[in-house]
Amino acid sequence: MPHTVALLAAASEDQGPGNTLRVVLLVSLVGAVLLGWFLLRGYRNEDDND
């Protein structure tokens, strides 16, 4: 595991912050979509029980 971390750190130094920011943005968007889907699914099921 430490070898993987060192390899990723070395690779990220060569590429700069652009790829890191891109990954953070992508993960944030996916998380927001999943959170919205989960919340809307909960509200829909609540309405079906009435």
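- Remark: Leu25 CG to Thr20 OG1 distance equals 12.5 Å, nearest 0.5 Å.
- Applying the side chain to side chain donor-acceptor pair (under 3.5 Å) test to pairs two or more places apart or on separate chains, those with a residue in residues 22-32 are Asn19-Arg22.
- Apart from Val27 itself, the hydrophobic cluster it occupies contains Val23, where clustering links Ile, Leu, Val, Met, Phe, Trp and Tyr at side-chain heavy-atom distances under 4.5 Å.
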